[in-house]
Amino acid sequence: MEPLFLTPVFQERIWGGTALRDEFGYDIPNDKTGECWAISAHPNGMGYIKNGPFKGKSLKELWDHNRELFGNAEGKQFPLLTKILDANADLSVQVHPDDAYANLNENGELGKTECWYIIDAKEGAELIFGHNAKTASDVRKMLEEGQWEAFLRRIKVKKGDFFFVPSGTVHALCEGTLILETQQSSDTTYRLYDYDRVDDAGNPRELHLEKSIDVIHAPHSNAGVKPSAKEIPGGVVTTYVASEFFSVYKYDIDGVAAFSQDQPFLLMSVLSGTGKINEVAIQKGDHFILPAGFGDYTLTGKLELMVSHI
C-alpha cells in the first residue's frame, strides 16, 4: 500500500500574492493566487490522485466508491479540507456557520470549523480573532453602526503560532501571513466587513450581515489552544487540537521516526524539508493521504509535517 498523493488546486483571490510559488515552488496561475486547496474533495476545488492504481481519480470518487480506503467512515461528503493561504493583503472579516445552520441555509453544505498553523508571518503581523460585543443585540448594534475598531479584536502573530477557529468565531487573516488551514470541507463564508474594497469592475464585494449576525457567538469565548509536545525517537510530535471535527498535529522529524496509522485515514502536508515515508520520497509542498490499513511506517529525513484526521 502506498500513500495517495494529491494535485493541489489554486484559487485566485483579491488578497492573494506569490508566496505559494516563492515558498513552495508551485506553478501558480497568477500573482494574485491566495489559496492552495491541497487535499480537497470539495466541488469548488477538486483534488485528483497523482500516483498508484487510483491515479487520475478524484478524491470524491474514492470517497464515494472506495470507502474502505477511509476506514468506512460515515458521511455523504469527504469531511476535511487542507489549504495553504497566502494573505498578501488583509482578508475580509468573516464568520462561518455551524453544520445545522449551513445545512438549512446553504443547500446541505457542511458548516465550517477550522484551524490555522502560521507557516510564516512578517514582523508585526496581526490577525483579527474574536470581538468585543457582550450580547447578540450588541453585535447587531455595533455592526449596523459600523463600529469596527471597537468591535474587532486584533492580536499579534508570529511563525509557529496555532489558532482553533470554531464556527461562529469572527476572524480574518491579515497582510503578511502564510498559513496552513485544516477545516471542515465547506466553502461557506459570511463576510461582515471588507474595508470598503471594490472588485476590478468597481463594485463593492457582497456582504452577508444578517447571516453573520445570526451565527456570531456572543460573547467571544475562545480561550485558544495549549499545544503539547512529546519527544519520540527521531523527532517531536506536537498535538494542537482534538475537536469533534478533526485532530491536528505537527511532526518534526530529524532522523528516523516510527509510527502506526491507526486512524480511518491521515492527511499529511510537508511544510519543509526532504525525506521519505517508508521508501517513498517526499519533500516540501507534498500533500498525501495514508489510507486505512496503512499500518506501521517510518518517516526519515529532516521534515516538518502537519498531520490531521477526523
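Note that the coordinates shown come from a computational prediction; the quantities given were computed from them, not determined experimentally.
Under the 4.5 Å side-chain heavy-atom criterion for grouping Ile, Leu, Val, Met, Phe, Trp and Tyr, V170 is connected to V139 within one hydrophobic cluster. A single hydrophobic cluster is seen to contain both I253 and I277, as judged by linkage of ILVMFWY side chains at heavy-atom distances under 4.5 Å, directly or through other members. Clustering ILVMFWY residues whenever any of their side-chain heavy atoms sit less than 4.5 angstrom apart, transitively, puts I119 in the very cluster that holds L20. Note: the hydrophobic cluster containing F288 does not contain L271 (ILVMFWY, side chain heavy atoms under 4.5 Å, direct or indirect links). Criterion: ILVMFWY side-chain heavy atoms under 4.5 Å apart, direct or through other members. Under it, M268 and M1 are part of a common hydrophobic cluster.
As a member of the Ile/Leu/Val/Met/Phe/Trp/Tyr network built from side-chain separations under 4.5 Å, L110 groups with nothing else and remains a singleton.
For the pair D98 (side chain) and G111 (backbone), a donor-acceptor distance under 3.5 Å is absent. Distance alone, capped at 3.5 Å, places no donor-acceptor pair between the N103 side chain and the A100 backbone. Side chain of R154 to backbone of I128: no donor-acceptor contact under 3.5 angstrom is found. Counting only distance, with no hydrogens or angles, the side chain of E23 and the backbone of G25 share no donor-acceptor pair below 3.5 Å. S260 places no side-chain N or O within donor-acceptor distance of the main-chain N or O of D262, the cut-off being under 3.5 Å. Between the T7 side chain and the Y48 main chain, a donor and an acceptor come within less than 3.5 Å of each other. Under a 3.5 Å cut-off, the side chain of D296 and the backbone N or O of A258 do not form any donor-acceptor pair. Under the 3.5 Å distance criterion, the side-chain polar atoms of N203 are left unmatched by any main-chain donor or acceptor of V198. Within the 3.5 Å criterion, the main-chain N or O of E61 finds a donor-acceptor partner in the side chain of S58. Looking only at distances, no side-chain donor or acceptor of E304 sits under 3.5 Å from a matching main-chain atom of G273.
Residues Q261 and L290 approach most closely at NE2-O, 3.2 Å, considering heavy atoms. T177 and L173 make their closest contact through OG1-CB, 4.0 Å (heavy atoms, listed as atom of the first residue, atom of the second, distance). Between K60 and D64, the shortest heavy-atom distance links the atoms NZ-OD2, 2.6 Å. Nearest heavy atoms, A19 versus L178: CB-CD1, 4.1 Å. Between L303 and T274 the shortest heavy-atom distance is CD2-C, 3.4 Å. Shown here for S92 and A172, the closest heavy-atom pair between the two residues is O-CB, 3.5 Å.
Looking at D86 and R13, no side-chain N of the basic residue comes within less than 4.0 Å of a carboxylate O on the acidic one, giving no salt bridge. Between R140 and E210, at least one side-chain nitrogen of the basic residue sits less than 4.0 Å from a carboxylate oxygen of the acidic one, meeting the salt-bridge criterion. Using a cut-off of 4.0 Å between Lys/Arg side-chain N and Asp/Glu carboxylate O, D138 and K141 are scored as not salt-bridged.
Considering F246, F245, Y249 in turn, Y249 is the only one that fulfils the ring pair (Phe, Tyr, Trp, His ring centres under 6.0 Å) rule with H309. With K83 as the partner, the side chain to side chain donor-acceptor pair (under 3.5 Å) test is satisfied by one option alone out of Q11, E114, Q183: Q183.
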For this session: Go through the steps to decide whether Y240 and C115 satisfy the test side chain to side chain contact (heavy atoms under 4.5 Å, CB included), and finish with yes or no.
Result: CA-CA 9 Å; Y240 286 109; C115 61; over 6 Å; no

For this session: Take L299 and I282 through the side chain to side chain contact (heavy atoms under 4.5 Å, CB included) test and state the conclusion after the steps.
Result: CA-CA 9 Å; L299 290 167; I282 54 175; 4.1 Å; yes

Exercise. After noting the C-alpha distance and the side-chain angles of V248 and M306, does the key distance pass the side chain to side chain contact (heavy atoms under 4.5 Å, CB included) rule?
Worked result: CA-CA 7 Å; V248 178; M306 295 302 292; 3.7 Å; yes

For this session: Take E109 and H42, measure what side chain to side chain donor-acceptor pair (under 3.5 Å) needs, and give me the verdict at the end.
Result: CA-CA 10 Å; E109 178 91 332; H42 196 282; 3.1 Å; yes

Problem set entry | T298 vs N278, side chain to side chain contact (heavy atoms under 4.5 Å, CB included): CA-CA, chis, key distance, verdict | CA-CA 5 Å; T298 56; N278 293 341; 3.7 Å; yes

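Separation of the Y117 and F162 ring centroids does not fall under the 6.0 Å cut-off. Ring centers of Y251 and F259: under 6.0 Å apart, within the cut-off.
Considering CD1 of I213 and CG of L192, their distance stands at 8.5 Å, rounded to 0.5 Å. In this structure, the separation between SG on C174 and NZ on K156 is 10.0 Å, given to the nearest 0.5 Å. Interatomic distance, T113 OG1 to Q184 CD, rounded to the nearest 0.5 Å: 5.0 Å. From L85, atom CG reaches atom CD1 of I179 across 4.5 Å, with rounding to the nearest 0.5 Å. The distance from atom CG of L81 to atom CD of E35, rounded to the nearest 0.5 Å, is 8.5 Å. The structure places CG of D214 at 11.0 Å from CG of L209, a figure rounded to the nearest 0.5 Å.
Y101 and Y190 have perpendicular rings, their planes meeting at more than 60° on a 0 to 90° scale where under 30° would count as parallel. Aromatic ring orientation, Y297 versus F294: perpendicular (interplanar angle above 60°, classes split at 30° and 60°).
For E106, the salt bridge (charged side-chain N to carboxylate O under 4.0 Å, His left out) partners two or more places apart in sequence, or in a different chain, are K211. Partners of R191 according to the side chain to side chain donor-acceptor pair (under 3.5 Å) rule, which considers only residues two or more places apart in sequence or in another chain, do not exist here. For Q77, there are no side chain to side chain donor-acceptor pair (under 3.5 Å) partners two or more places apart in sequence or in a different chain. Under the ring pair (Phe, Tyr, Trp, His ring centres under 6.0 Å) criterion, F78 pairs with W63, F70, F265, not counting sequence neighbours. For K276, the side chain to side chain donor-acceptor pair (under 3.5 Å) criterion is met by no residue, not counting sequence neighbours.
The shortest side-chain heavy-atom distance between L80 and I39 does not fall under the 4.5 Å cut-off. In this structure, the side chains of N51 and E2 come closer than 4.5 Å at one or more pairs of heavy atoms. Side-chain contact between K122 and E175 is present, with at least one heavy-atom pair separated by less than 4.5 Å. With a 4.5 Å cut-off on side-chain heavy atoms, T188 and H96 do not count as touching. The shortest side-chain heavy-atom distance between P97 and N105 does not fall under the 4.5 Å cut-off. Looking only at side-chain heavy atoms (C-beta outward), F129 and V165 come within less than 4.5 Å of each other. A 4.5 Å side-chain heavy-atom check between S40 and V9 finds every atom pair outside the cut-off. Residues V236 and T238 are in side-chain contact: their nearest non-hydrogen atoms beyond the backbone lie under 4.5 Å apart.
E123 CD: 12 or fewer foreign heavy atoms inside a 6.0 Å radius.
Looking at H287 and S269, their side chains do bring a donor and an acceptor atom within 3.5 Å of each other.
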